[in-house]
Amino acid sequence: MRFVFLVLVACGGGDDGGNTGGSSAHEFCVSETNRYRAMAGKPALARSSEIEAYADEGAMIDFASSPHNHFSSTSGGGIAFAENECPQQGNWQLPPGGDVSAVVGDCIRAFYSEGANGGHYMNLMGAYGKVGCGIYSEDTRITIVQDFGL
């Protein structure tokens, strides 16, 4: 079993107040993931409620600790085999108005922008069948996790 996890540090500003972004932000994360995969000729990934719950828990735990702490300490929970993360420790923030989906879009765009030699890109385009996105924010800070499963 091979686990791949990477940290992306970048910058993003706003107020949300401590939540997981709601279902629309999670759905947007999956649709953006699949949009980028389609641009590269890759099949769409199914949205997994099981992986999404795992990723939400990971986003909350990593927000308070360190990037990929949850994924590595649970060995992917037996359901996730790769992870991408935009951590609040890397200064990811909500824009004015608190548009979570806007930050999710920026996060996935950053993974894709690495190109074929980038680790986040390779996870995004990997031979997986499912994806779950986790989101956790407090005040203006946000952590976004993408977990990939078979």
Apply side chain to side chain contact (heavy atoms under 4.5 Å, CB included) to residues Leu124 and Tyr36 and explain how you reach the verdict. CA-CA 8 Å; Leu124 188 65; Tyr36 283 109; 4.2 Å; yes
Kindly indicate whether the side chain of [X], heavy atoms from C-beta on, has any atom under 4.5 Å from the side chain of [Y].
X: Gln88; Y: Ile142; answer: no
X: Ile108; Y: Cys29; answer: yes
X: Asp56; Y: His26; answer: yes
X: Trp92; Y: Asp106; answer: yes
X: Val131; Y: Arg47; answer: no
X: Tyr128; Y: Leu150; answer: yes

Rounded distance [0.5 Å steps], [atom1] in [X] versus [atom2] in [Y]:
X: Arg109; Y: Cys86; atom1: CZ; atom2: SG; value: 11.0 Å
X: Tyr121; Y: Glu114; atom1: OH; atom2: CD; value: 10.5 Å
X: Leu45; Y: Ile51; atom1: CG; atom2: CD1; value: 9.0 Å

Determine, using the 4.5 Å side-chain heavy-atom cutoff (strictly less than), whether [X] and [Y] are members of one ILVMFWY cluster.
X: Tyr112; Y: Ile144; value: yes
X: Val30; Y: Phe148; value: yes
X: Phe81; Y: Val145; value: no

No-hydrogen, no-angle side-chain donor-acceptor test under 3.5 Å, [X] and [Y]:
X: Thr74; Y: Tyr54; answer: yes
X: Asn84; Y: Asn123; answer: yes
X: Thr33; Y: Gln146; answer: yes

Which residues satisfy the ring-ring contact (aromatic ring centres under 6.0 Å, His included) test with Phe28, sequence neighbours excluded? none
Full working for side chain to side chain contact (heavy atoms under 4.5 Å, CB included) between Asp62 and His70: CA-CA 6 Å; Asp62 291 358; His70 178 255; 3.5 Å; yes
Once you measure the plane-to-plane angle for His120 and Phe111, does it fall in the parallel (<30°), tilted (30-60°) or perpendicular (>60°) bin?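 It falls in the parallel class, under 30°.
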Apply side chain to side chain contact (heavy atoms under 4.5 Å, CB included) to residues Glu138 and Phe63 and explain how you reach the verdict. CA-CA 9 Å; Glu138 287 182 18; Phe63 184 95; 3.7 Å; yes
What pairs of donor and acceptor atoms, side-chain ones from residues 98-105 against any protein atom, are under 3.5 angstrom apart with sequence neighbours left out?
residue: Asp99; atom: OD1; partner: Ser101; partner atom: N; Å: 3.2
residue: Asp99; atom: OD1; partner: Ala102; partner atom: N; Å: 3.2

